[in-house]
Amino acid sequence: PVIRSRALHRRSRLKWDRRTCSSPVSSIGAVRARTNRLSEYLTRSRRKDPNMAAALDSWHDIIRNGDASTLDTLIADDAVFHSPVVHTPQVGKALVVKYLTAAANVLLDGSFKYLTEMVDERQAMLEFQVTLDDIVINGVDHIRWNDNNQIIEFKVWVRPLKGMQKLHQAMAKQLET
């Protein structure tokens, strides 16, 4: 079978890319190559304006160092956290810091990594992957920040359901303490 794929990103300088592939393996390789090119472009465009994503850079420092102690300065007083498990949004700096600190304690075990970044002027979507109890969990962090480079909103999406259930159990243990 012939598989045709094409990708277009409005903000990138990539043009329509048509590839005819004879096997799904080479099609996956072509998609990964386009994704890598797009990711490189977005990273380059973010770095052109150093002030644009200072909050995002601070967030990456927390993830890289595995240290959530600097969250107090990064989170705005009126911040909102949207959990993939809890129905109601968690409003206020204290709750957001509490949830993100618990998440850091659960997820930053060495297997956590960001795969893709999509960055705009005041928001970013970061696709991540982590292994928890032999379950590979995929998710997206949607982060918005204000003019003071403080996070004002943090949404998390997680899949698969079994991974979300494991994450829920581990987070519940962290939040109890």
Side-chain angles (χ1 to χ4, degrees), residues 28 31-32 35-36 38-40 42-43 46-47 50-177:
I28 291 169
V31 170
R32 283 187 183 142
T35 302
N36 289 341
L38 179 59
S39 180
E40 289 170 12
L42 291 172
T43 301
R46 178 167 62 95
R47 298 294 180 210
N51 297 323
M52 185 170 92
L56 186 58
D57 289 337
S58 298
W59 175 253
H60 278 299
D61 289 341
I62 290 170
I63 298 301
R64 190 173 20 262
N65 300 329
D67 180 19
S69 64
T70 58
L71 277 173
D72 245 4
T73 58
L74 182 59
I75 304 298
D77 291 335
D78 58 346
V80 179
F81 178 77
H82 300 273
S83 167
V85 178
V86 180
H87 174 67
T88 57
Q90 305 302 303
V91 180
K93 182 180 204 167
L95 282 174
V96 174
V97 168
K98 180 179 178 179
Y99 273 80
L100 291 178
T101 301
N105 291 336
V106 169
L107 298 175
L108 299 182
D109 64 350
S111 70
F112 184 93
K113 62 183 172 182
Y114 280 118
L115 305 173
T116 307
E117 281 187 16
M118 289 179 270
V119 181
D120 202 1
E121 188 175 330
R122 294 279 178 243
Q123 66 181 340
M125 295 187 92
L126 311 172
E127 178 190 6
F128 66 86
Q129 181 175 315
V130 65
T131 303
L132 190 61
D133 293 339
D134 295 328
I135 298 172
V136 177
I137 299 172
N138 299 100
V140 174
D141 289 338
H142 183 186
I143 305 169
R144 291 185 37 226
W145 56 89
N146 60 18
D147 291 335
N148 298 326
N149 287 310
Q150 290 184 306
I151 293 175
I152 57 171
E153 186 177 27
F154 203 107
K155 287 183 186 177
V156 182
W157 290 275
V158 175
R159 65 160 300 278
L161 178 60
K162 191 173 183 178
M164 184 167 43
Q165 291 166 339
K166 284 285 184 188
L167 184 60
H168 178 234
Q169 292 168 0
M171 288 284 294
K173 287 179 186 175
Q174 283 292 316
L175 291 170
E176 286 174 359
T177 59

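Any value given below was found using the heavy atoms of this structure, including those in side chains, with hydrogens, waters and symmetry copies removed.
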Heavy-atom donor-acceptor pair, S111 side chain to T131 backbone, under 3.5 Å: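 The answer is yes, because a donor-acceptor pair under 3.5 Å joins these two groups.
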Donor-acceptor pair, side chain of Q90 and main chain of T88, under 3.5 angstrom: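 Between the backbone of T88 and the side chain of Q90 there is a qualifying donor-acceptor contact (under 3.5 Å).
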Just how far is it from atom [atom1] of [X] to atom [atom2] of [Y], taken to the nearest 0.5 Å?
{"X": "Q129", "Y": "L115", "atom1": "CD", "atom2": "CG", "answer": "5.0 Å"}
{"X": "L71", "Y": "T73", "atom1": "CG", "atom2": "OG1", "answer": "8.0 Å"}
{"X": "R122", "Y": "N146", "atom1": "CZ", "atom2": "CG", "answer": "7.5 Å"}
{"X": "L132", "Y": "K166", "atom1": "CG", "atom2": "NZ", "answer": "7.5 Å"}
{"X": "Q174", "Y": "L167", "atom1": "CD", "atom2": "CG", "answer": "11.0 Å"}
{"X": "I137", "Y": "K162", "atom1": "CD1", "atom2": "NZ", "answer": "11.0 Å"}

Verdict with supporting geometry, L56 and V119, side chain to side chain contact (heavy atoms under 4.5 Å, CB included): CA-CA 9 Å; L56 186 58; V119 181; 3.7 Å; yes
Residue pair S58 / L74: nearest heavy atoms and the distance that separates them: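 For S58 versus L74, the nearest heavy atoms are CB-CD1, 3.8 Å.
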Minimum-distance pair of heavy atoms, taken over all atoms of I135 and G163: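 Shortest heavy-atom contact: CG2-CA, 3.8 Å.
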K98, NZ atom: more than 12 neighbouring heavy atoms under 6.0 Å: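 Check fails, neighbour count at 12 or below.
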H82 atom NE2, neighbour heavy-atom count above 12 within 6.0 Å: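 Buried by this count: over 12 neighbours within 6.0 Å.
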Test of ring centre spacing under 6.0 Å for W145 and F154: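 Centroid separation for W145 and F154: 6.0 Å or greater.
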Find out whether [X] and [Y] are in side-chain contact, i.e. whether some heavy atom of one side chain is under 4.5 Å from a heavy atom of the other.
{"X": "W157", "Y": "K155", "result": "yes"}
{"X": "L108", "Y": "V130", "result": "no"}
{"X": "D72", "Y": "V97", "result": "yes"}

Qualifying residues under side chain to side chain contact (heavy atoms under 4.5 Å, CB included), relative to S83, sequence neighbours excluded: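 If we apply the side chain to side chain contact (heavy atoms under 4.5 Å, CB included) test to S83, skipping adjacent residues, the hits are F81, V85, V86.
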Test log, rule side chain to side chain contact (heavy atoms under 4.5 Å, CB included), inputs V96 and V80: CA-CA 7 Å; V96 174; V80 179; 5.6 Å; no
Parallel, tilted or perpendicular: rings of F128 and Y114 (30°, 60°):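 It falls in the perpendicular class, over 60°.
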Stepwise side chain to side chain contact (heavy atoms under 4.5 Å, CB included) test for E127 and M125: CA-CA 7 Å; E127 178 190 6; M125 295 187 92; over 6 Å; no
L126 vs T116, side chain to side chain contact (heavy atoms under 4.5 Å, CB included): CA-CA, chis, key distance, verdict: CA-CA 6 Å; L126 311 172; T116 307; over 6 Å; no
